[in-house]
Amino acid sequence: MRKLFQGTNLIILIGVLAALLASALLIKVPLPTILLPAEKIPGLSIAGFPITNTLITTLMADLTVLILGFLAVRKIKEVPQGLQNLVEWVFEAFNGMLTDIAGKQKARQWFPMFMTILLFLLFANWWELVPGFDSIGLIEPLEVAYHESGGTVATGYEKGTFLGLPSLVKKPVALTAEQKHKVEEEVLAAEAHGEAYHGPHDEHDASGGYVLLPFFRAAATDLNLPLALAIISVVMTQIVGMRMLGLKYWRRFINPVITGIKPIDIFVGVLEFVSEIAKIVSFSFRLFGNIFAGQVLLFVMPFLVALIVPVAFFGLELFVGFMQAFVFAILTFIFFEQGTHSHAGDEHH
Amino acid sequence: MDKLGINGPFLLAQIINFIILYVLLKRFVFPPLLNMLEARKQRIAEGLAAADVARKEAETERARLMTQIEAERADAQRRIAEASAQAERVKADILADARREAEEIKARAITDAEAEKQRILGDAQKQIAELAMLATERVVRRGIDEAVQQQLIADFLAEVSLN
Amino acid sequence: MTEILAPGLAIGLGAIGPGIGVGLLVMGALQAIGRNPEAAGEIRTNMILGIVFAEAIAIYALVVALLLVFVGAPGLG
């Protein structure tokens, strides 16, 4: 530590600081449009059903998990090698943890659900960190983005080139009230002709602003994915509880006459029911909020300092991505476990 | 809802997507891996148990061999003791034999010598008697009857032998 | 002005309580693990559950903030 500011270290330090300064001054990264709904990719649809960029990345995560899974079991051997070894190590570790929580039989039974959620979300979250995500896409006129987003997006950037490739440059453009009004008129006119809106008719009227429509966007930043998983998780909790406890499971919500209906029981039942619904909200927004906030963080950091500093935040997001996948999976598992506890009243431990 | 991006078809697509993924993984990926883990765990447990049994067997075998070695060592000790005792006995026998033989030889030699002495003495008596007769005859120059002669010889011999 | 301030206040104030709650929860759990390391697994599970319930409050604040930013509030214009 004494030699921290001597010799090569000093040169590296100065170099890093110079690079930071230069990147902050020279490489100007525009802030991508932060948009809640996933962007539909124009011209891409299956049976008239538009494809969004988050759907593409969902499929990428699916494929990653499936390819890794099938590669791991393709040449399954008694003495594991390479990928099989890694996958087995991961499985063994998590299986042991689940066994600690719920016992051997339940762990074995619910392991596939846990592992599918974990692996799928892990890759869905980690794909976000691959260069090109949120940064490669179509450059759309601002007016189109304004229309597509239902009026949320009203600022864009001028078009330019970076390293010879067309890109946005850090010169913000905002739509004026007149331009917004004009867009709405033109959209109405286009719809009257039964056409889609493709931007301003002539360049003189155009605002000159453009917006990037990325091809790839972290799957969990589209609320549909967290919500879908949350619904599956909560519905599966009911199914699993029903299967294991039979009709007794529903005592959780409606206390039977046997125990003697007390007002407090009804209240507890209603509370349980509300908490199941709240679970969907908290499940989905926890994942969505963390990944969306991470995405915004990864937008803002290069916007402030283009080089080096964002690396630290990529590391943070690597951790957050794993943590959220793990929390989602383990919570599903714990709720399964709690749902299958008998609610007869004598079993509390 | 729409502004939050929640959209029925997309939501349904995501749900279906996850179910497909779950079914595929549950069908094709998890069972072989979990079974392999289970099988390996079992095999390790079996291997450990077998190793335990083998170790115990080896221990009893070792104990058995040790007692055997101990017994053999005692046996050898006993044999050595026996052999040395026997050798001792043989040695004593041989010595006794030799001593007895020597005694015999010595005794025989003594008797032989005695006999020779008697014979020589007998011879000497006869010769002395003859010589005495001759001498006496010469001295007496007369014949003495046979009986007196014999008497005289006997007396003389007695005298001589007494000397 | 209110459009910018409202979501900021919603998530900012809404995160105070859960922040303290999560801190207390983890403190308690770590102390418990320190006292009784054998029960670490069970404590960890319950800690995660507790954090989840505390964090849910922050998530509701986040939902409100997001609604305010992207959907807008009636009456705020």
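Proteins get letters first, then strands, A, B, ... in listed order; numbering begins at 1 in each. Only heavy atoms go into these numbers, but all of them, side chains included; no hydrogens, no water, no symmetry mates. The shown structure was predicted, so the numbers you read here are calculated from the model rather than taken from an experiment.
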Compare every heavy atom of [Y] with every heavy atom of [X], then report the nearest pair and how far apart it is.
X	Y	value
Met113(A)	Phe18(B)	SD-CE2, 4.0 Å
Leu11(B)	Asn224(A)	CD1-O, 3.3 Å
Leu25(B)	Thr116(A)	CD1-CG2, 3.7 Å
Ala13(B)	Leu55(A)	CB-CD2, 4.4 Å
Phe70(A)	Val29(B)	N-CG2, 4.2 Å

Among [options], which has the most heavy-atom pairs under 4.5 Å with chain B?
options	result
Asn95(A), Leu229(A), Val87(A)	Leu229(A)
Pro112(A), Ala219(A), Pro50(A)	Pro112(A)
Thr54(A), Leu35(A), Asp62(A), Leu59(A)	Asp62(A)

Qualifying residue for side chain to side chain contact (heavy atoms under 4.5 Å, CB included) with Leu21(B), from Ile117(A), Leu66(A), Thr58(A)
Leu66(A)
If you draw a 6.0 Å radius around NZ in Lys26(B), do more than 12 non-hydrogen atoms from other residues or ligands fall strictly inside?
no
In sequence, state the C-alpha distance, the side-chain angles, and the governing distance for Leu37(B) and Phe91(A), and then conclude on side-chain contact (heavy atoms from CB on, under 4.5 Å).
CA-CA 9 Å; Leu37(B) 282 179; Phe91(A) 275 36; 3.9 Å; yes
Interatomic spacing from CE in Met115(A) to CG in Leu33(B) - rounded to 0.5 Å
9.5 Å
Which distance, rounded to the nearest 0.5 Å, do you find between the CG of Leu227(A) and the CD of Gln14(B)?
10.0 Å
Indicate yes or no: does Glu38(B) engage Lys104(A) in a salt bridge with an N to O separation below 4.0 Å.
yes
According to side-chain contact (heavy atoms from CB on, under 4.5 Å), who are the partners of Glu82(B), at least two apart in sequence or on a separate chain?
Arg78(B)
Go through it in stages, so that I can follow the logic: the residues are Phe49(A) and Phe10(B), the test is ring pair (Phe, Tyr, Trp, His ring centres under 6.0 Å), and I'd like the CA-CA distance, side-chain angles, deciding distance and then a yes or no.
CA-CA 9 Å; Phe49(A) 186 65; Phe10(B) 288 138; 5.4 Å; yes
